[in-house]
Chemist: 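My structure is below; once you've seen it, I'll send some questions.
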Amino acid sequence: MTRNDCLALDAGDALAPLRRHFDLPAGVIYLDGNSLGARPSAALARAQQVIAQEWGVDLIRSWNTAGWFDLPKRLGNRLAPLIGARDGEVVVNDTTSLNLFKALAAALHMQAGGAGAARRVIVTERSNFPTDIYMAQGLTSWLERGYQVRLVDSVDELSGAIDADTAVVMLTHVNYRTGYQHDMRALSAHAHAHGALILWDLAHSAGAVPLALHADGADLAVGCTYKYLNGGPGAPAFIWVPKHHQAAFRQPLSGWWGHANPFAMAPDFAPCDGIGRALCGTQPIVSLALVECGLDVFDQTSMAAIRAKSLALTDLFIALVEQRCGAHPLGLVTPRDHARRGSQVSFTHPHGYAVMQALIARGVIGDYREPAIMRFGFTPLYTSFSDVWDAVEILRQILDDQTYDIAAERGAVT
Ligand SMILES: *Cc1c(COP(=O)(O)O)cnc(C)c1O
């Protein structure tokens, strides 16, 4: 494999033209779309329109005239096909942390009556993204009454940890650190066989890997729009409640946006029918509106095409790092098995933080996660095969020449 081979792969890549829908600075190879997606070119004009026209000129009328009020549902319907959901099942709102709280509380409530009444345990992984665990811990410690979080140490122990006490299994489909992808269908079936509900966090899956929430038997799901969906920093998250669970879905953040008739200004809460009951309060409209610019790009391709290129990019990256940096103490953390891999590749290095800082200084932007993990995200909409070659070449130079500073100061965000 040579750089020319990579250029030939780019020339034959049907997704290559989509890169022009993103504004990336010259000289940057961006391998961190798993943390903050790149900016769709259209976002600048859309922000200008929302701020100057919809807010500046039309003012409060825009809740109706610009469709602000319906935006969480309209964007939810646009996002739905990417995750194997249906119309009227997704809203874009709040944060992933908040949506996890709502979904977990609703799932515990669904179990609290009848046969599920004795179920008081939320099963999740110790390696899950911390906020997922923290939200579960916060909820169970406030509920008391014997509710608790059970942290499982490995995938092999997961099935055995789901038992007659389990109310909800809460898993992140693709692990943020390792890129390991769970078998959603098998684990959902296993949870159901033991009478538990299963809640999937799709933060590192939506827009990255094909998803079939209905076919795979998921009960509830949440996820981010600012990672692979390119919605913008801090863009609102999403929550999926399938039609068959909506009537039983009662969540405690019962704000007026989830009310059956919010402008009746009634003193008592009554949830609306449908997915609207997952809403809480007023959304950050400027940020929410930009989510659409990211979703628009997905209309021009398919998740199958994205997945095929993602696997080709991650295979190439693994192969080139192993060939060209093989003399260095790098450890592959991400599964080689395609079925178990998300759209990122993680390598450990004893000086992972310092090496990543040196890469970033040379324009190869990935990130670092404890312990010693360098994380590289691959986003087929704007990453090319020659980007992969160039990134590995810069990594090779940094490692061979040891041009990294092991005393590098850490920023607040790594
Ligand atoms: C990125 C990520 C989050 C982020 O949650 P916020 O509420 O948006 O800060 C949550 N969970 C997982 C698994 C993530 O990867």
Side-chain angles (χ1 to χ4, degrees), residues 31-38 72 75 79 83 90-105 107 122-139 149 151-152 155 158 168-182 184 187 198-209 211 213 218 220-240 251 253 278-281 283-284 287-288 290-291 294 333-334 341-346 366-370 373 375-379 412-414:
L31 302 180
D32 215 357
N34 52 317
S35 210
L36 173 64
L75 293 179
L79 195 156
I83 58 173
V90 181
V91 277
V92 177
N93 76 324
D94 297 338
T95 65
T96 302
S97 303
L98 286 173
N99 285 330
L100 276 165
F101 185 84
K102 293 182 236 175
L104 272 178
I122 297 171
V123 172
T124 191
E125 294 176 283
R126 196 178 299 280
S127 62
N128 200 346
F129 192 90
T131 203
D132 298 45
I133 302 175
Y134 301 161
M135 295 310 287
Q137 288 171 337
L139 176 63
V149 179
L151 296 180
V152 180
V155 176
L158 201 48
V168 193
V169 181
M170 173 186 76
L171 295 174
T172 295
H173 179 233
V174 174
N175 185 278
Y176 75 102
R177 202 161 20 199
T178 63
Y180 178 91
Q181 179 178 167
H182 279 300
M184 185 183 287
L187 283 164
I198 191 155
L199 161 61
W200 290 98
D201 186 331
L202 308 177
H204 291 272
S205 308
V209 300
L211 292 161
L213 292 172
L220 298 167
V222 302
C224 288
T225 65
Y226 56 74
K227 294 174 179 167
Y228 291 94
L229 295 175
N230 309 309
F238 66 87
I239 179 167
W240 170 71
Q251 55 98 355
L253 303 183
L279 296 170
C280 179
Q283 292 306 300
S287 181
L288 183 62
L290 302 189
V291 171
V333 178
T334 302
R341 190 192 306 163
S343 197
Q344 71 176 64
V345 177
S346 300
D367 64 19
Y368 174 82
R369 288 292 177 265
E370 292 292 347
I373 289 180
R375 223 168 46 145
F376 302 90
F378 294 85
T379 43
V413 175
T414 61

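Starting from 1, each residue takes its place in the sequence as its number. Whatever order the structure lists them in is the order used to number ligands and atoms, beginning at 1. Predicted model only: the values in this text are computed from it and were never measured.
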Chemist: Does ligand 1 come near enough to Asp201 that some N or O of the ligand is less than 3.5 Å from an N or O of the residue?
Modeler: yes

Chemist: Within ligand 1, which atoms have a heavy atom of His204 less than 4.0 Å away?
Modeler: 15 (O)

Chemist: By the definition side-chain contact (heavy atoms from CB on, under 4.5 Å), identify the one residue from Val168, Val169, Asn99 that meets it with Leu199.
Modeler: Val168

Chemist: Search all heavy atoms of Tyr226 against all heavy atoms of Ala235 and return the closest pair with its distance.
Modeler: CD2-O, 3.6 Å

Chemist: Could you state the interatomic distance from CG (Leu75) to CG (Leu229), rounded to the nearest 0.5 Å?
Modeler: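 Those atoms lie 11.0 Å apart.
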
Chemist: Test your reading of the structure: does Asn128 have an N or O sitting under 3.5 Å from an N or O of ligand 1?
Modeler: no

Chemist: Identify the protein heavy atom lying closest to atom 1 (C) of ligand 1, giving its residue, its atom name and the separation to 0.1 Å.
Modeler: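 Result: Lys227 NZ, 1.4 Å.
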
Chemist: Can you pull out the closest protein heavy atom to atom 11 (N) of ligand 1? Residue, atom name and distance to 0.1 Å, please.
Modeler: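 Minimum-distance protein heavy atom for atom 11 (N) of ligand 1 reads Asp132 OD1, 2.7 Å.
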
Chemist: Among all protein heavy atoms, pick out the one at the shortest distance from atom 8 (O) of ligand 1; state its residue, atom name and that distance to 0.1 Å.
Modeler: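 Among all protein heavy atoms, the one nearest atom 8 (O) of ligand 1 is Tyr226 OH, 2.7 Å.
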
Chemist: Just by distance, no angles: are the side chains of Gln283 and Asp94 close enough, under 3.5 Å, to form a donor-acceptor pair?
Modeler: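 Looking only at side-chain atoms, Asp94 and Gln283 do form a donor-acceptor pair, the distance falling under 3.5 Å.
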
Chemist: Could you pull out all residues at least two apart from Asn93 that satisfy side chain to side chain donor-acceptor pair (under 3.5 Å)?
Modeler: none

Chemist: Could you name the option among Phe129, Tyr134, Tyr176 that has the heavy atom nearest to atom 13 (C) of ligand 1?
Modeler: Phe129

Chemist: Thr131 versus ligand 1: do any nitrogen or oxygen atoms come within less than 3.5 Å of each other?
Modeler: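 Min N/O separation from ligand 1 is not below 3.5 Å for Thr131.
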
Chemist: Which ligand 1 atoms are under 4.0 Å away from a heavy-atom of Thr172?
Modeler: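 Atoms satisfying the 4.0 Å criterion: 13 (C).
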
Chemist: Tell me the closest heavy-atom pair linking Leu220 and Ala103, and the distance in Å.
Modeler: CD1-O, 3.5 Å

Chemist: Have a look at Leu151 and tell me which of Val123, Ile133, Ile122 forms a side-chain contact (heavy atoms from CB on, under 4.5 Å) with it.
Modeler: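 Answer after filtering Val123, Ile133, Ile122: Ile133.
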
Chemist: Got a sec, which residues hit ring pair (Phe, Tyr, Trp, His ring centres under 6.0 Å) with Phe376, two or more places apart in sequence or on another chain?
Modeler: Phe317

Chemist: Could you state the interatomic distance from NE2 (His204) to OH (Tyr176), rounded to the nearest 0.5 Å?
Modeler: 8.5 Å

Chemist: If the cut-off is 4.0 Å to any non-hydrogen atom of Thr95, which atoms of ligand 1 fall inside it?
Modeler: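 Atoms satisfying the 4.0 Å criterion: 7 (O).
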
Chemist: Run the contact test for Ala237 against ligand 1 with a 4.0 Å cut-off on heavy atoms, strictly below, and give the result.
Modeler: no

Chemist: What protein heavy atom sits nearest atom 7 (O) of ligand 1, and how far away is it?
Modeler: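 Answer, as residue, atom name and distance: Ser97 OG, 2.6 Å.
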
Chemist: So which protein heavy atom does atom 5 (O) of ligand 1 come closest to, and at what separation?
Modeler: Thr96 CB, 3.5 Å

Chemist: Under 4.0 Å from a heavy atom of Ala203: which atoms of ligand 1 are those, numbered in the order shown and with their elements?
Modeler: 2 (C), 12 (C), 13 (C), 14 (C), 15 (O)

